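Please read the structure below before turning to the comments.
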Amino acid sequence: MRARLVLAAALLSAAGCTEKTGPAAPATAGSQATSAAASAPASQAPSAPATEPPPVLPEPPAVVAEADWARLFAGEKAALPAPLAELRFEQTRGQLAERYGDKLAADGKLAADGMAELPVRLGFHTGNESLRFVQLTVPEGAVAALLKRWGPPTQEKLSPARDGLWWLGDGVQAIFETRKPRHYLTFWPLTPWRALVGDRKGHPGFERDFPLLGADGTRVAKAFVDAQPRASKGEMDLHLPPHERQPRPTKVRLTLSEAGVVTAATLILSYGRQTEMRDAVLAHVAKIYGAGKKEGDLTRFPGLTVNDRDQVGRLLLTWAAPGQ
């Protein structure tokens, strides 16, 4: 049934359906009451509020020719368009300004060579100014072209009020959505949940080059500077790249002892309506840790506790140091 709903949504868009009632603009768009501000994706790492001026929206493109779609998206998986293939989400605004010069405007609009058919806008994190998203303004019939290249998408929420059609690729995920009167294809980074969970017993997959449990918090903050660490009394939050079908960063909360040592690490995975993802995570954990002991929403393994908050579609995986 779900597959039919997704396909129906895709085919409606592909057919150029005249109904243009797309989801409402998200609450996270801020207090600016302009249509320009509403075009920005709803996700941002929990850091300082955006300080950039609202962008000047590009005009929606006319129909894009089949030959142009084939040139821009030649692969079988979701990927940035060929003229933007060198973009990396760890790149900063300064680095991209050096690369593109005056082709990159202050509002993020990018006049990239080879992208005349689809206007481009870049978004940046406000903390380290690393690349946060790449957004294309696309015609309504884009879904038909993308179906031919990337196959059927998955329908999932971007926020409580907004749905999107999602395709997953290698290190990137692409989301088509309608916010009338425009249609957008937005690319976010992707770190698969398997990489975040890892496959070593007692070690989360997002560890860097040293064991996380028992590490000094100052050392962790330096090692994860790209994850915009935010420390408060007894805690430190890290914001890793999004996982599958999530535009928001993947959050990790570290518990610190009075001496500032990491005693526990909690990874928050949001599966939303994708219960198959939840089941896959639980099966993966059981394969590594063996049979766990279930206590209500909790499943306890040696050194790891999994909390399934199915009412909000989240899994909390907590690794704890011995004795914690």
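Position 1 is the first residue of the sequence, and the numbers go up from there. A quick note: this is a predicted structure, and the numbers were derived from the prediction, not measured.
The hydrophobic clustering, which links ILVMFWY residues whose side-chain heavy atoms are closer than 4.5 Å, places Leu196 and Leu316 apart. Cluster annotation: Leu168 is not connected to Trp188 through the hydrophobic network of ILVMFWY side chains, with a link wherever side-chain heavy atoms come within less than 4.5 Å. Linking ILVMFWY residues whenever their side-chain heavy atoms come closer than 4.5 Å, directly or via other members, leaves Leu190 and Leu165 in distinct clusters. Residues Leu256 and Val261 are members of separate hydrophobic clusters, defined by side-chain heavy-atom contacts under 4.5 angstrom among Ile, Leu, Val, Met, Phe, Trp and Tyr.
Residues meeting the side-chain hydrogen bond (donor to acceptor under 3.5 Å, both in side chains) test with Trp319, sequence neighbours left out: Tyr289. In this structure Arg300 satisfies the side-chain contact (heavy atoms from CB on, under 4.5 Å) test together with Glu295, Leu298, Thr305, sequence neighbours excluded.
Ionic pairing of Asp216 and Lys222 is not present here: no N-O contact between side-chain nitrogen and carboxylate oxygen is shorter than 4.0 angstrom. Salt-bridge annotation for Arg121 and Asp107: absent, with no side-chain N of the basic residue lying under 4.0 Å from a carboxylate O of the acidic one. Taking the charged nitrogens against the carboxylate oxygens, Lys180 and Glu140 have no contact shorter than 4.0 Å, which rules out a salt bridge. Between Arg230 and Glu235 there is no salt bridge, since no side-chain nitrogen of the basic residue lies less than 4.0 Å from a carboxylate oxygen of the acidic one.
Of all non-hydrogen atoms in Thr137 and Leu118, the two that sit nearest each other are O-CD2, 3.7 Å. Pairing each heavy atom of Leu147 with each of Pro152, the nearest pair is CD2-CA, 3.7 Å. Summarising the geometry of Arg93 relative to Ala105, their closest heavy-atom pair is NH1-O, 4.4 Å, with the distance given to 0.1 Å. Here the closest non-hydrogen pair linking Thr318 and Thr266 is OG1-OG1, 2.8 Å. Gly169 and Lys77 get closest at one heavy-atom pair: CA-CB, 4.3 Å. The two residues Ala227 and Leu240 have their closest heavy-atom pair at CB-CD2, 3.9 Å.
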Criterion side chain to side chain contact (heavy atoms under 4.5 Å, CB included) on Tyr184 and Arg179, from CA distance to verdict: CA-CA 8 Å; Tyr184 300 101; Arg179 276 183 264 165; 4.2 Å; yes
Side chain to side chain contact (heavy atoms under 4.5 Å, CB included) evaluation trace for Arg253 with Leu238: CA-CA 6 Å; Arg253 171 155 290 179; Leu238 306 176; over 6 Å; no
Full working for side chain to side chain contact (heavy atoms under 4.5 Å, CB included) between Trp193 and His284: CA-CA 10 Å; Trp193 64 259; His284 181 70; 3.8 Å; yes
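A 4.5 Å side-chain heavy-atom check between Glu244 and Glu156 finds every atom pair outside the cut-off. Residues Leu158 and Trp166 form a side-chain contact, since some pair of their non-hydrogen atoms from C-beta on lies under 4.5 Å apart. Between Asp163 and Glu177 the shortest side-chain heavy-atom distance does not fall below 4.5 Å. Within the 4.5 Å cutoff, side-chain heavy atoms of Leu212 are placed close to those of Phe224. For the pair Pro242/Gln173, a side-chain contact is recorded, criterion being any heavy-atom separation below 4.5 Å from C-beta on. Residues Leu131 and Arg88 have side chains not in contact (no heavy-atom distance under 4.5 Å, counting atoms from C-beta outward). At a threshold of 4.5 Å between non-hydrogen side-chain atoms, the residues Asp308 and Thr299 do not count as touching. Two residues are said to be in side-chain contact when any heavy atoms from C-beta on lie closer than 4.5 Å; Glu66 and Lys148 meet this criterion.
In this model, no donor atom of one side chain and acceptor atom of the other lie less than 3.5 Å apart for Glu90 and Ser130. Under the 3.5 Å distance criterion, with hydrogens and angles disregarded, no donor-acceptor pair is assigned to the side chains of Thr191 and His243.
For the pair Arg149 and Phe73, the cation-pi test (distance below 6.0 Å, angle within 45°) is failed.
The backbone N or O of Val281 sits nowhere less than 3.5 Å from a side-chain atom of Arg194 that would complete a donor-acceptor pair.
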